[in-house]
Enquirer: 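Pasting a structure below so you can have a look.
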Amino acid sequence: MNTTAQSSLNTASPWIERLARFGFVAKGVVHILIGFLAARAAIGSGGSTTGSSGALRSITDEPLGQVMLGIIAAGLFGYAAWRIIEAVLDTSGNGTEAKGLAIRAGSAGKALIYGGLGLEAARLAMGSSSGGSDKGAKHWTAVALGQPFGQALVVLAGVAIAAYGVYQLVKAWKAELNDDLELSRVPHGTRGWIMKISRFGIAARGVVFCLIGYLLVAAGINRRSSQAEDVEGALSALGSDPFGPIALATVGIGLIAYGLYEFLNAKYRKINV
């Protein structure tokens with residue numbers, strides 16, 4: 001990187017860091033809403049499960065809902081901007097080896113996902129009733145199955161999503177969370193609880209991704225796009241078994257815990273810019 005570009009980045013870095021931390025808060029709010037709605041559906045007190053888009057729509061009926069959505073949209077855009085910078089400029093020093101490139105590609109993918117979610121929140125904040133596309137997992141799976149080698153692509157996509165879910169489960173069990181969080185700044189008495197809540201939340205999110213991946217693999221093998229599900233459908237499927245309400249409530253509480261973990265990221269995350 002040339003001196004001018006480096007100087008410009010250093011000047012902007014405090015703002016980029018603030019946007020990234022603001023973005024973690026926005027992500028936390030979305031996950032807490034998803035978890036709360038799932039847990040409420042599990043105990044039969046009304047409502048249904050939902051994904052990120054549905055969680056955002058649920059805010060529109062609240063007092064100052066559009067203002068809240070505007071704030072969340074700004075946070076998600078900030079998070080996406082940080083991930084783009086991380087991917088393009090390699091601010092975390094991942095390098096150009098295969099593993100490093102994979103991590104940087106993952107950052108770019110997160111930028112696209114959360115940038116799109118931010119756009120949806122912005123549309124809702126401006127009063128749009130659509131909030132984005134209504135085309136979900138079933139639609140795009142059907143489109144993919146209609147393409148050459150579509151069945152293999154759908155199966156591979158499902159395997160990749162499930163593998164990410166397994167990675168999240170392994171991270172929850174084995175990972176040193178202080179690799180990402182500056183836990184030395186956390187009061188010693190609360191550090192243990194923070195670790196437990198974080199691991200529980202990461203594991204719950206891993207379960208959801210594993211289930212989405214499994215359903216997508218099944219849709220590809222059977223050539224039935226109706227079997228593919230997004231987060232909302234996966235949570236609904238989880239709650240449909242005899243012991244489903246218990247499992248759904250557990251995952252819902254876990255997603256709330258993941259939202260709290262994102263709040264911890266907002267305060268203690270090591271952010272390189």
Side-chain angles (χ1 to χ4, degrees), residues 1-28 30-31 52 75-119 152-153 155-186 191 194-195 198-199 201-203 205-206 208-210 212-213 216 258 261-273:
M1 187 186 305
N2 61 48
T3 304
T4 303
Q6 182 66 58
S7 175
S8 176
L9 180 60
N10 290 337
T11 301
S13 62
W15 289 101
I16 296 167
E17 180 179 350
R18 291 188 187 101
L19 286 172
R21 296 192 187 283
F22 188 22
F24 280 118
V25 173
K27 285 180 63 185
V30 172
H31 280 90
S52 299
L76 292 171
F77 286 143
Y79 178 84
W82 168 56
R83 286 298 189 182
I84 290 173
I85 291 169
E86 186 179 53
V88 175
L89 300 181
D90 192 20
T91 54
S92 296
N94 292 307
T96 56
E97 300 296 328
K99 182 179 179 181
L101 289 174
I103 293 173
R104 293 168 68 179
S107 292
K110 290 175 182 178
L112 290 174
I113 291 169
Y114 287 102
L117 191 60
L119 181 60
L153 290 173
V155 171
L156 287 173
V159 169
I161 292 171
Y164 182 73
V166 171
Y167 164 75
Q168 292 281 285
L169 291 171
V170 172
K171 180 179 179 180
W173 179 256
K174 296 179 63 176
E176 294 293 334
L177 296 181
N178 56 8
D179 289 345
D180 293 329
L181 304 177
E182 295 178 353
L183 293 178
S184 60
R185 294 167 50 200
V186 179
R191 198 173 301 171
I194 284 176
M195 297 287 281
S198 299
R199 292 185 189 281
I202 294 168
R205 191 165 178 258
V208 174
F209 276 106
C210 285
I212 292 172
L216 191 57
Y258 186 82
Y261 168 66
E262 293 288 50
F263 290 167
L264 293 170
N265 273 290
K267 186 171 180 61
Y268 299 114
R269 177 81 176 210
K270 299 173 184 176
I271 296 177
N272 299 309
V273 290

Enquirer: Nearest 0.5 Å please: distance from the CD1 atom of Ile113 over to the CG atom of Leu76.
Expert: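 The CG atom of Leu76 is 12.0 Å from CD1 of Ile113, to the nearest 0.5 Å.
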Enquirer: For the pair Trp82 and Tyr79, name the ring-plane relationship: parallel under 30°, tilted 30 to 60°, perpendicular over 60°.
Expert: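 Trp82 and Tyr79: perpendicular rings.
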Enquirer: Looking only at atom types and distance, does a side-chain atom of Arg269 sit under 3.5 Å from a main-chain N or O of Glu262, one as donor and one as acceptor?
Expert: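 A pair under 3.5 Å: no.
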Enquirer: Please check this pair: side chain of Arg104 against backbone of Val88, looking for a donor-acceptor N/O pair closer than 3.5 Å.
Expert: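 Judged by distance alone, yes, a pair lies under 3.5 Å.
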Enquirer: Kindly compute the distance separating OH (Tyr258) from NE2 (His31), expressed to the nearest 0.5 Å.
Expert: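 Tyr258 OH to His31 NE2: 5.5 Å, rounded to 0.5 Å.
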Enquirer: Is there a side-chain contact between Arg83 and Tyr114, using heavy atoms and a 4.5 Å cut-off?
Expert: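 No - every pair of side-chain heavy atoms lies 4.5 Å or more apart.
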Enquirer: What's the separation between atom CD1 in Ile103 and atom CD in Glu97, rounded to the nearest 0.5 Å?
Expert: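 Going from the CD1 atom of Ile103 to the CD atom of Glu97 covers 11.5 Å.
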Enquirer: Any chance you could measure Ile202, atom CD1, to Tyr167, atom OH, to the nearest 0.5 Å?
Expert: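 So the CD1 of Ile202 and the OH of Tyr167 are separated by 9.0 Å.
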Enquirer: Closest heavy-atom contact between Phe209 and Ile161?
Expert: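 Taking Phe209 first and Ile161 second, the nearest heavy atoms are O-CG2, 3.4 Å.
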Enquirer: State, to 0.1 Å, how close Leu169 and Ala203 come at their nearest heavy-atom pair, and which atoms those are.
Expert: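 The pair with the smallest heavy-atom distance is CD2-O, 3.4 Å.
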Enquirer: Are side-chain heavy atoms of Tyr261 and Leu181 found at a separation under 4.5 Å?
Expert: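 Yes, side chains in contact.
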Enquirer: Heavy-atom count around Phe263 CZ within 6.0 Å, excluding the residue itself: above 12?
Expert: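 Atom CZ in Phe263 is crowded, with more than 12 foreign heavy atoms closer than 6.0 Å.
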Enquirer: Between Leu101 and Thr96, what is the shortest heavy-atom contact and its length?
Expert: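 For Leu101 versus Thr96, the nearest heavy atoms are CD1-O, 3.3 Å.
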Enquirer: Any idea which heavy atoms bring Cys210 and Gly165 closest together, and the distance?
Expert: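 Looks like SG-C, 3.5 Å.
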Enquirer: Which heavy-atom pair separates Ala87 from Ser107 by the least distance, and what is that distance?
Expert: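 Result for this residue pair: CB-CB, 4.0 Å.
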Enquirer: If you compare all heavy atoms of Arg21 against all heavy atoms of Ile271, which two are closest, and at what distance to 0.1 Å?
Expert: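 Minimum heavy-atom separation between Arg21 and Ile271: CG-CD1, 3.6 Å.
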Enquirer: Is there a donor-acceptor pair closer than 3.5 Å between any side-chain N or O of Arg191 and the backbone N or O of Arg185?
Expert: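 No; zero donor-acceptor contacts below 3.5 Å.
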